[in-house]
There are 2 protein chains.
Amino acid sequence: MSGLRLNAAITVDLVVLTVRGDQLQVLLVRRGAAPFKGRWALPGGFVEEREDLATAAARELREETGVAPGGAHLEQLATYGAPGRDPRGRVVSTAYLAFLPDMPQPVAGSDAAAASWVEVEALLGASPTRLAFDHTQILRDGVERARSKLEYTSLAAAFCRPEFTVAELRRIYEAVWGTPLDPRNFHRKVTSAERFIEPVGATTRRVGGRPAQLFRVGGATLLTPPLLRPDRG
Amino acid sequence: MSGLRLNAAITVDLVVLTVRGDQLQVLLVRRGAAPFKGRWALPGGFVEEREDLATAAARELREETGVAPGGAHLEQLATYGAPGRDPRGRVVSTAYLAFLPDMPQPVAGSDAAAASWVEVEALLGASPTRLAFDHTQILRDGVERARSKLEYTSLAAAFCRPEFTVAELRRIYEAVWGTPLDPRNFHRKVTSAERFIEPVGATTRRVGGRPAQLFRVGGATLLTPPLLRPDRG
DNA sequence: AGCTTATTCGTCATCTTGACGATAAGGCGA
DNA sequence: TCGCCTTATCGTCAAGATGACGAATAAGCT
């Protein structure tokens with residue numbers, strides 16, 4: 001290996017976001033071993049020999065959620081390598097960000113003893129639950145990335161089932177941004193945007209209220225002009 | 001060290017961009033040793049023991065350009081860890097993106113035998129010069145990040161000297177985006193944006209044409225609504 | 001003084017947004 | 001069956017932003 005000094009352990013951590021019950025939630029696991037034993041943490045693990053970073057992230061995602069690669073949006077978030085972030089030594093972790101639709105079934109296929117969805121607000125709000133390592137910061141960065149990408153991409157649909165209504169899509173924006181949106185203006189914006197969403201033809205049947213048209217994602221990946229969040233001084 | 005297996009070598013690579021002569025240019029070094037000996041590459045190097053990733057990037061930037069930390073915009077770009085990207089073994093590299101004003105003095109303080117500014121167009125255009133490792137892809141990602149951030153942040157000013165004219169700022173946009181902009185509409189946009197740039201009071205003296213007002217950056221870091229590039233499908 | 005050059009100010013039609021009224025289309029109870 | 005309730009969808013209107021372009025301004029140069 002011509003004198004290459006391996007100077008770090010490389011891991012991946014996952015920020016898996018979903019919207020359930022109009023709340024933005026993140027998948028956490030409870031650590032079973034030191035360090036930070038018993039503390040909530042982002043799922044993750046070591047990158048295997050000859051394994052790409054993205055592949056490792058997809059593998060971890062499948063192990064924790066049962067979601068097959070390609071079944072969810074998965075993108076690299078950032079890499080964290082502060083010297084003291086892991087008491088065991090030099091651990092450099094590349095975080096990945098995943099968007100999942102609300103799974104009807106519970107978190108399946110998880111090998112971790114305790115994995116569960118936790119409200120993001122409870123972790124980043126006024127009196128936050130402390131996470132292991134620097135995972136609070138990683139989560140903060142992931143949520144900010146998600147909020148920002150909703151503005152100018154069609155990624156909100158990654159939180160939805162393949163067919164969805166405009167109102168469902170709107171509730172994704174409202175949950176991720178933590179802000180109510182005007183249903184009429186939102187409807188106008190997303191239906192008039194070129195190839196953003198396209199009607200399926202069918203409608204929902206529902207308990208109360210007018211049936212809604214079903215849509216699926218259009219080909220467009222970018223939303224121009226963007227849909228800017230309110231406020232944000 | 002409780003059984004922590006160091007499974008990778010961690011490095012940082014730098015995408016240092018500047019605008020010189022109305023062209024977007026990137027700082028490259030010529031490799032003096034195998035692998036890819038003699039090939040152009042992004043500057044970079046191994047992360048030292050107990051050194052943060054961002055610190056390592058700032059150190060490399062200073063070693064290559066003489067620019068002190070804080071003297072340039074520096075942000076993490078992405079991390080590249082494909083198994084075969086370095087023939088010497090498992091090398092995971094975190095790329096950082098830096099924006100520099102056009103330095104009047106040549107690239108100073110460089111320890112590399114040959115470091116020089118190269119037109120980005122010559123590297124990413126129709127018949128690109130091949131770079132070492134996966135550096136062409138890293139450069140592509142860095143340039144796309146730069147193009148995108150000009151749209152909604154005030155980072156274009158990071159390419160300028162502390163005091164600059166509206167036209168200088170416009171030429172930054174034109175060089176990075178590779179697209180001409182209407183001087184009158186650009187002027188209206190940047191001068192009317194809240195706290196984006198603020199007048200210094202002085203004006204330039206120049207060989208031909210009306211003297212221009214000098215500006216410095218305002219407090220705003222975000223540009224709302226954004227300044228979208230033309231075209232872009 | 002006129003010419004050249006680059007900056008800055010105006011105008012106007014078009015597009016987009018935010019606020020909000022009005023209508024449509026189902027279920028449900030009386 | 002008839003209103004009523006709820007949610008979805010369509011319209012309107014003023015304010016703001018944009019793209020295209022004309023015009024005025026303020027220097028240096030010949």
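Numbered from 1 within each chain, the chains take letters A, B, ... in sequence-line order.
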Selection residues 125-144 of chain B - residue pairs positive for salt bridge (charged side-chain N to carboxylate O under 4.0 Å, His left out), sequence neighbours left out: B/R85-B/D134, B/E144-B/R229

Heavy-atom closest contact (A/A95 atom, A/Y80 atom, distance): CB-CE1, 3.9 Å

Boundaries of the chain B footprint along DNA chain D (any atom under 4.0 Å from a heavy atom): D/dA17 to D/dG28

Test applied, side-chain hydrogen bond (donor to acceptor under 3.5 Å, both in side chains); reference residue, B/Q25; option that passes from B/E119, B/R20, B/E121: B/R20

Pairs flagged by side-chain hydrogen bond (donor to acceptor under 3.5 Å, both in side chains) wherever residues 172-185 of chain A is involved - sequence neighbours left out: A/R170-A/E174, A/D182-A/R184, A/N185-A/R188

Euclidean distance, B/L222 CG relative to B/K149 NZ, rounded to 0.5 Å: 9.0 Å

Any side-chain heavy-atom pair of B/P43 and B/E60 under 4.5 Å: no

Criterion side-chain contact (heavy atoms from CB on, under 4.5 Å) against B/L24, the qualifying member of B/I172, B/V143, B/L124: B/V143

With sequence neighbours excluded, residues passing side chain to side chain donor-acceptor pair (under 3.5 Å) with B/H73: B/E75

Side-chain N or O of A/K189 closer than 4.0 Å to phosphate OP1/OP2 of C/dT16: no

Sorted by number, the residues of residues 169-188 of chain A with heavy-atom contact under 4.0 Å to DNA chain C: A/D182, A/R184, A/N185, A/R188

Inter-residue atom distance A/H187.NE2 - A/L169.CG, 0.5 Å rounding: 11.0 Å

Footprint string (nucleotides 25-30 of chain C, 5' to 3'): B base within contact, S backbone only, - free, heavy atoms under 4.0 Å: BBS---

Between CG on residue B/D13 and CG on residue B/L97, distance to nearest 0.5 Å: 12.5 Å

